[in-house]
Enquirer: 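Right, I'll just put the structure down here and ask away after.
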Amino acid sequence: MNTVDAQTPHLSLGFRLTPEIHTEIHSLFARIEQNSAQTGLSADAADILSKLLSLAIDQFYFDIMNQVQAHPAARRSADRGISTVIKGAKLVIRKMVNSLEPHELDIFSHYVESLILEEEGQYYMAFPLDSGTSNQTEQVIIRIRNDSDTSTYNHLIVETLCGMTDQAVVHFYNKPTRLFKVRPFIQKSADLGIKTVNKGIHFVIKQLMKKTRQKELIAFSHILERQLVTTPST
């Protein structure tokens, strides 16, 4: 994919869509556009979001874990943490999306479509990194590949990844949910759920990255780089 470059106009962070799920997403959008009052569309939208969540976890967690060897105790702890994250996030998805009205499904489909980016024939579900995180991500990758004393910058990796997680919550939860009129008790419950999910992801990041060696970090940096999508400056 793209190579880290100080002249990169802007970076978005995303996960690669399989051709099958990309087709499924656009099929759902077409059905919503044709008749957003059609029975079952909310459930189908929730199902697709759950599939996207699983795809994101595969690429952002399991792909990394297959190459970055963590201490067995840290791995077990992280696996438990990510399992809790998945359950919590899917619960939030069901609560929020299953309650959408037909006109809200139209808003939902247009918002999700705005997050689909294409680069070199590959489609991603991606969100723009703010300039600070974008620059820090590039610098962290460069540091990983040139500095074997990981103890001096492991904290920067944790800080960068936690920052990415916070921005993911903004783009994948805060922004879309604020587009809808959600019943207060559902909103309150979902907000609490996503806060718990975010804390869980931070915990997993800290467990995995606080003592990781350069060899594993280099493998991680290549995986991270594959998730960065170059987009024009705005």
Enquirer: Has the side chain of Asn135 got a donor or acceptor atom that lies under 3.5 Å from a matching backbone atom of Ser131?
Expert: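 Between the backbone of Ser131 and the side chain of Asn135 there is a qualifying donor-acceptor contact (under 3.5 Å).
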Enquirer: Check side chain to side chain contact (heavy atoms under 4.5 Å, CB included) between Val158 and all other residues, then give those that pass, not counting sequence neighbours.
Expert: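 In terms of side chain to side chain contact (heavy atoms under 4.5 Å, CB included), with neighbours along the sequence ignored, Val158 is linked to Cys162, Ile205, Lys206, Met209.
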Enquirer: Working note: Phe127 + Phe172, criterion ring pair (Phe, Tyr, Trp, His ring centres under 6.0 Å); need CA distance, chi angles, decisive distance, verdict.
Expert: CA-CA 8 Å; Phe127 62 91; Phe172 290 142; 5.5 Å; yes
Enquirer: Quick one about Arg213 and Thr150 (side-chain donor to acceptor, distance below 3.5 Å, no hydrogens or angles considered), yes or no?
Expert: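 The answer is no; no qualifying pair exists.
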Enquirer: Under 3.5 Å, is there a donor on one side chain and an acceptor on the other for Arg94 and Ser50?
Expert: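 Per modelled atom types, Arg94 and Ser50 side chains form no pair under 3.5 Å.
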Enquirer: Can Leu52 be reached from Leu91 by stepping across I, L, V, M, F, W or Y side chains whose heavy atoms are under 4.5 Å apart?
Expert: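 In one cluster: no.
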Enquirer: Using a cut-off of 6.0 Å, state whether more than 12 heavy atoms not belonging to His110 lie near its atom NE2.
Expert: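 Count not over threshold, so no.
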Enquirer: Rounded to the nearest 0.5 Å, how far does CG of Leu49 lie from CG of Leu28?
Expert: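 Leu28 atom CG to Leu49 atom CG measures 9.0 Å (nearest 0.5 Å).
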Enquirer: With side chains defined as the heavy atoms from C-beta onward, is the minimum distance between Tyr124 and Leu115 less than 4.5 Å?
Expert: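 Tyr124 vs Leu115: side chains apart.
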Enquirer: Return the CD1 to CG distance between Ile141 and Leu217, rounded to the nearest 0.5 Å.
Expert: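 Here the rounded value is 11.5 Å.
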Enquirer: Do side-chain atoms of Glu24 reach the backbone of Ile48 as a donor and acceptor pair under 3.5 angstrom?
Expert: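 Between the backbone of Ile48 and the side chain of Glu24 there is no qualifying donor-acceptor contact (under 3.5 Å).
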Enquirer: What do the steps show when you test Met164 against Thr137 for side-chain contact (heavy atoms from CB on, under 4.5 Å), and what is the final call?
Expert: CA-CA 9 Å; Met164 288 178 172; Thr137 300; 3.0 Å; yes
Enquirer: Ile86, Leu192: one ILVMFWY side-chain cluster at the under-4.5 Å cut-off?
Expert: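 As far as the 4.5 Å side-chain criterion goes, Leu192 and Ile86 are not connected within one cluster.
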Enquirer: Between CD of Gln59 and OG of Ser54, what distance do you get to the nearest 0.5 Å?
Expert: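 One finds 11.5 Å between CD of Gln59 and OG of Ser54.
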Enquirer: Test Ile57 against Phe15 for side-chain contact (heavy atoms from CB on, under 4.5 Å), laying out the working first.
Expert: CA-CA 9 Å; Ile57 294 297; Phe15 54 94; over 6 Å; no
Enquirer: Taking Glu159 for the side chain and Leu156 for the main chain, is one N or O donor matched with an acceptor at less than 3.5 Å?
Expert: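 No.
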Enquirer: Treating Ile, Leu, Val, Met, Phe, Trp and Tyr as nodes and any side-chain heavy-atom pair under 4.5 angstrom as an edge, say whether Val170 and Tyr111 lie in one connected cluster.
Expert: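 Shared cluster, no.
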Enquirer: Tell me whether Asn146 contacts the main-chain N or O of Ile142 through its side chain, where contact means a donor paired with an acceptor under 3.5 Å.
Expert: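 The answer is yes, because a donor-acceptor pair under 3.5 Å joins these two groups.
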Enquirer: With rounding to the nearest 0.5 Å, note down the distance linking OG in Ser12 to CD in Gln227.
Expert: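 One finds 12.5 Å between OG of Ser12 and CD of Gln227.
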Enquirer: Determine whether a donor-acceptor pair (N or O, by modelled atom type, separation under 3.5 Å) exists between the side chain of Glu118 and the backbone of Gly121.
Expert: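 Answer holds: yes.
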Enquirer: Which heavy atom in Val97 sits nearest to a heavy atom in Ala46, and how many Å separate them?
Expert: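 Reported closest heavy-atom pair: CG1-N, 3.5 Å.
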Enquirer: Quick check: closest heavy atoms across Ser42 and Leu100, and the distance to 0.1 Å?
Expert: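 Closest approach of Ser42 to Leu100, heavy atoms only: OG-O, 3.2 Å.
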Enquirer: Give me the atom names and distance for the closest heavy-atom approach of Phe60 to Gly14.
Expert: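 So the two residues come closest at CZ-O, 3.4 Å.
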Enquirer: Filter on salt bridge (Lys or Arg N to Asp or Glu O under 4.0 Å), then keep only pairs touching residues 28-49, sequence neighbours left out; what's left?
Expert: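 Checked against salt bridge (Lys or Arg N to Asp or Glu O under 4.0 Å) - neighbours excluded - the pairs reaching residues 28-49 are Arg31-Asp44, Asp47-Lys51.
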Enquirer: Would you say Leu224 ends up clustered with Ile218 if hydrophobic residues are merged whenever their side chains have heavy atoms under 4.5 Å apart, either directly or through other cluster members?
Expert: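 Same hydrophobic cluster.
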Enquirer: On a heavy-atom basis, which atom in Ile116 and which in Ile25 lie closest, and how many Å separate them?
Expert: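 Heavy atoms only, the tightest pair is CD1-CG2, 4.0 Å.
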Enquirer: Any donor and acceptor pair, going by atom type alone, linking the side chain of Tyr153 with main-chain N or O of Asp147 inside 3.5 Å?
Expert: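 It does hold such a pair.
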Enquirer: Are the side chain of Thr133 and the backbone of Leu129 linked by a donor-acceptor contact shorter than 3.5 Å?
Expert: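 Absent.
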Enquirer: Atom CZ in Arg143, atom OG1 in Thr152: separation rounded to 0.5 Å?
Expert: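 It is 4.0 Å, given to the nearest 0.5 Å.
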Enquirer: Does any pair with a residue in residues 77-92 pass salt bridge (Lys or Arg N to Asp or Glu O under 4.0 Å), and if so which ones, sequence neighbours excluded?
Expert: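 Passing the test, one end in residues 77-92: Arg75-Asp79.
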Enquirer: What do the steps show when you test Leu117 against Tyr123 for side-chain contact (heavy atoms from CB on, under 4.5 Å), and what is the final call?
Expert: CA-CA 6 Å; Leu117 301 179; Tyr123 289 95; over 6 Å; no
Enquirer: Yes or no on side-chain contact (heavy atoms from CB on, under 4.5 Å) for Val229 and Leu11, after CA distance, side-chain angles and deciding distance?
Expert: CA-CA 6 Å; Val229 187; Leu11 292 179; over 6 Å; no
Enquirer: Check Leu55 against Leu17 and note the closest heavy-atom contact, atom names and distance.
Expert: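 It is CD2-CA, 3.9 Å.
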Enquirer: Main chain of Asp191, side chain of Tyr173: is a donor-acceptor contact present, judged purely on distance under 3.5 Å?
Expert: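 Looks like yes, one N/O pair under 3.5 Å.
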Enquirer: Distance check, rounded to the nearest 0.5 Å: Asn198 atom CG versus Thr165 atom OG1?
Expert: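 Between atom CG of Asn198 and atom OG1 of Thr165 there are 6.0 Å.
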Enquirer: Between Ser221 and Arg145, which heavy-atom pair has the shortest distance, and what is it?
Expert: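 Minimum heavy-atom contact is OG-NE, 3.1 Å.
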Enquirer: Would you confirm whether Gln167, through its side chain, and Asp130, through its main-chain N or O, come within 3.5 Å as a donor-acceptor pair?
Expert: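 Looks like yes, one N/O pair under 3.5 Å.
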